[in-house]
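Remarks on the structure that follows.
Index from 1, following the sequence.
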Amino acid sequence: MAVEERLRDLIDEQEKVLVARQPKSSRLQARAVRSLAGGTTSSWQIHRPQPIWVSHGSGSKVYDVDGNEYVDLHNGYGAMLVGHGHPLVVEAIANRARAGTHFAQPTEDAVVVAEDLALRFGLPLWRYGNSGTEATMDAVHLMRAISSRDKIIKIEGSYHGHHDSVQVSVYQEMPEIGPPHAPRSVPASSGIPRAIVDQTLVVPFNEIDVLERVLRDHPGEIAGMIIEPVMMNIGIIPPAPGYLERVRQLTREHGVLLAFDEVKTGFTTGPGGVTRLYGVVPDIVCLAKSLGGGVPCGAIGGSDEVMSFIANGGYDQVGTFNGNPLTMAAARAVLTQILDDGAYSRLDALREEMVAGCEEIIGKYELPAYVRAIGAKGAVIFSPTEIQGYRDFLTVDNRFSHAHWLYQLNNGVFLPPWGKAEQWTLSVQHTSEDVQRFITNFRRFAEALSE
């Protein structure tokens with residue numbers, strides 16, 4: 001049987017299995033569409049054949065409302081690096097809740113967290129927000145405020161949250177995005193003013209020549225550049241050797257500020273994220289997700305020169321819930337009690353086991369795929385050649401990823417939906433047994449695909 005035909009049959013079969021084993025989820029979804037737009041709390045949760053309604057999580061596992069257990073490699077799109085219900089996070093939140101959950105005034109935990117972040121990322125001054133979107137929004141506003149310039153540069157195909165300035169050229173198709181040497185700025189969704197889109201210049205990842213040209217063609221116009229230093233929005237794409245160093249050099253030469261979006265990579269790739277891993281320090285780092293141990297969070301850190309613009313009132317970085325006591329208590333526990341050298345050593349060992357198992361299966365069954373992993377994150381990317389940028393990503397057949405997601409889910413492993421775009425995330429509470437469940441399912445998927 002042809003692979004295309006087998007994929008179609010496998011997807012049809014596994015979607016029926018999923019719906020059959022989740023009758024309560026189906027009923028909740030039917031109820032939810034009457035009061036929740038689209039029947040979910042975020043558009044990212046809408047996927048075939050139906051959203052997964054979760055009851056609770058514990059350690060490395062989550063449980064749906066129908067009682068099915070899953071090894072959780074979704075991990076809240078990477079936010080749950082510490083796993084579910086970690087005793088130290090639970091204790092920190094419970095103690096803080098009893099002492100008051102909101103004052104709109106700073107607490108001591110905010111200082112401890114900032115001091116830890118300064119050591120990890122090599123940037124001395126910090127402020128907080130409540131999401132990755134807020135962190136990148138503040139970074140863009142701050143770069144514009146300091147420079148008195150309007151234009152920014154972002155990477156083609158990268159996602160930095162849902163504020164206007166970065167909702168440009170995220171998941172657009174060819175030929176809409178223009179030629180590779182001169183990508184076109186395209187609104188990523190409705191509701192984004194054209195005037196703002198025109199202020200956002202787009203360059204491909206790992207293509208330094210295009211960045212050089214854009215900087216040269218817009219002298220004195222560009223406030224800053226925002227970039228995921230390891231691209232995470234389209235599988236995982238690492239920077240080419242010397243790329244980040246050259247980006248840092250060029251932005252300095254042209255008087256352009258540089259912001260690293262480490263919302264996804266900040267702690268999952270190592271103690272100080274990609275900033276420490278590659279030794280390239282930007283002007284601003286944006287954090288969220290794993291920082292809060294499951295509590296909504298966001299943070300920006302920067303150099304003395306950059307952050308003094310906040311300190312002296314040049315830019316008002318504000319928010320009623322910034323530095324919320326619950327968030328700060330959770331973040332303090334995550335940073336000072338959980339994410340130590342031992343935790344990262346265990347994550348490294350689990351990642352190596354995952355990668356080795358996947359590569360053995362890919363080779364044995366001659367799958368058109370490869371594995372990419374860094375720190376706690378990884379992905380099976382169903383492409384016969386390695387993806388170097390967004391345009392390569394557009395050629396990947398998402399049916400493989402969707403079929404694999406269904407097969408894992410129906411056999412007790414929860415991966416992120418949206419197939420080819422997302423990654424797995426290990427947690428400090430995962431075990432080798434959890435990894436082997438994933439590998440066993442991947443082997444069975446490969447066997448089913450080869451029938």
- Task: Please lay out, stage by stage, how Thr275 and Glu262 fare under the test side chain to side chain donor-acceptor pair (under 3.5 Å).
- Result: CA-CA 8 Å; Thr275 298; Glu262 292 230 44; 2.6 Å; yes
Is a donor from one side chain sitting under 3.5 angstrom from an acceptor on the other, for [X] and [Y]?
| X | Y | result |
| --- | --- | --- |
| Tyr70 | Asp64 | yes |
| Glu156 | Tyr390 | no |
| Gln14 | Asn410 | yes |
| Ser25 | Gln50 | no |
| Gln167 | His163 | no |
| Asn75 | Ser427 | no |
| Gln22 | Asn68 | no |
| Gln249 | Arg252 | no |

Backbone of [Y] reached by a side-chain donor or acceptor of [X] within 3.5 Å:
| X | Y | result |
| --- | --- | --- |
| Asp392 | Gln388 | yes |
| Glu359 | Tyr370 | no |
| Asn206 | Ala240 | yes |
| Ser131 | Glu134 | yes |
| Lys154 | Val168 | yes |
| Arg96 | Thr327 | no |
| Arg351 | Gly375 | yes |
| Gln199 | Ser165 | no |
| Asp66 | Lys24 | yes |
| Arg184 | Glu176 | yes |

- Tell me, with the steps shown, if Thr425 and Lys377 meet side chain to side chain donor-acceptor pair (under 3.5 Å). CA-CA 5 Å; Thr425 306; Lys377 282 189 169 291; 2.9 Å; yes
Approximate separation, where rounding is to 0.5 Å, of [X] [atom1] and [Y] [atom2]:
| X | Y | atom1 | atom2 | answer |
| --- | --- | --- | --- | --- |
| Ile381 | Ser401 | CD1 | OG | 9.0 Å |
| Glu13 | Asp9 | CD | CG | 8.0 Å |
| Thr269 | Leu347 | OG1 | CG | 11.0 Å |
| Asp164 | Ile192 | CG | CD1 | 4.5 Å |
| Leu81 | Thr268 | CG | OG1 | 6.5 Å |
| Leu250 | Glu245 | CG | CD | 12.0 Å |

What are the two closest non-hydrogen atoms of [X] and [Y], and how far apart are they?
| X | Y | answer |
| --- | --- | --- |
| Gly39 | Ala32 | O-CB, 3.5 Å |
| Pro204 | Val210 | CD-CG1, 3.7 Å |
| Pro124 | Gly302 | CD-O, 3.1 Å |
| Thr40 | Pro51 | CG2-CG, 3.7 Å |
| Val82 | Gln429 | O-NE2, 2.9 Å |

Does [X] reach the side chain of [Y], with side-chain heavy atoms less than 4.5 Å apart?
| X | Y | result |
| --- | --- | --- |
| Asp434 | Thr431 | yes |
| Ile222 | Leu201 | yes |
| Phe205 | Ser158 | no |
| Met328 | Leu326 | no |
| Glu253 | Leu215 | no |
| Thr265 | Ile374 | no |
| Pro238 | Arg372 | yes |
| Ile93 | Val89 | yes |

Ion pair present between [X] and [Y], side-chain N to carboxylate O less than 4.0 angstrom?
| X | Y | value |
| --- | --- | --- |
| Arg346 | Asp341 | no |
| Asp12 | Lys16 | yes |
| Lys264 | Glu228 | no |

- Item | Neighbour count >12 (heavy atoms, 6.0 Å) for atom CZ, Arg213 | yes
- State whether the number of non-hydrogen atoms from other residues, nucleotides or ligands found under 6.0 Å of His84 atom NE2 is greater than 12. yes
- Message: Quick one, Glu447 with Tyr365, criterion side chain to side chain donor-acceptor pair (under 3.5 Å). Give me CA distance, side-chain angles, the key distance, then yes/no.
- Response: CA-CA 8 Å; Glu447 290 171 351; Tyr365 292 92; 3.1 Å; yes
Kindly state whether the ring of [X] and the ring of [Y] have centres lying under 6.0 angstrom apart.
| X | Y | value |
| --- | --- | --- |
| His74 | Trp424 | no |
| Phe267 | Phe121 | yes |
| Trp405 | Phe400 | no |

- Check step by step if side chain to side chain donor-acceptor pair (under 3.5 Å) holds for Glu353 and Gln436. CA-CA 8 Å; Glu353 186 177 355; Gln436 287 304 316; 2.7 Å; yes
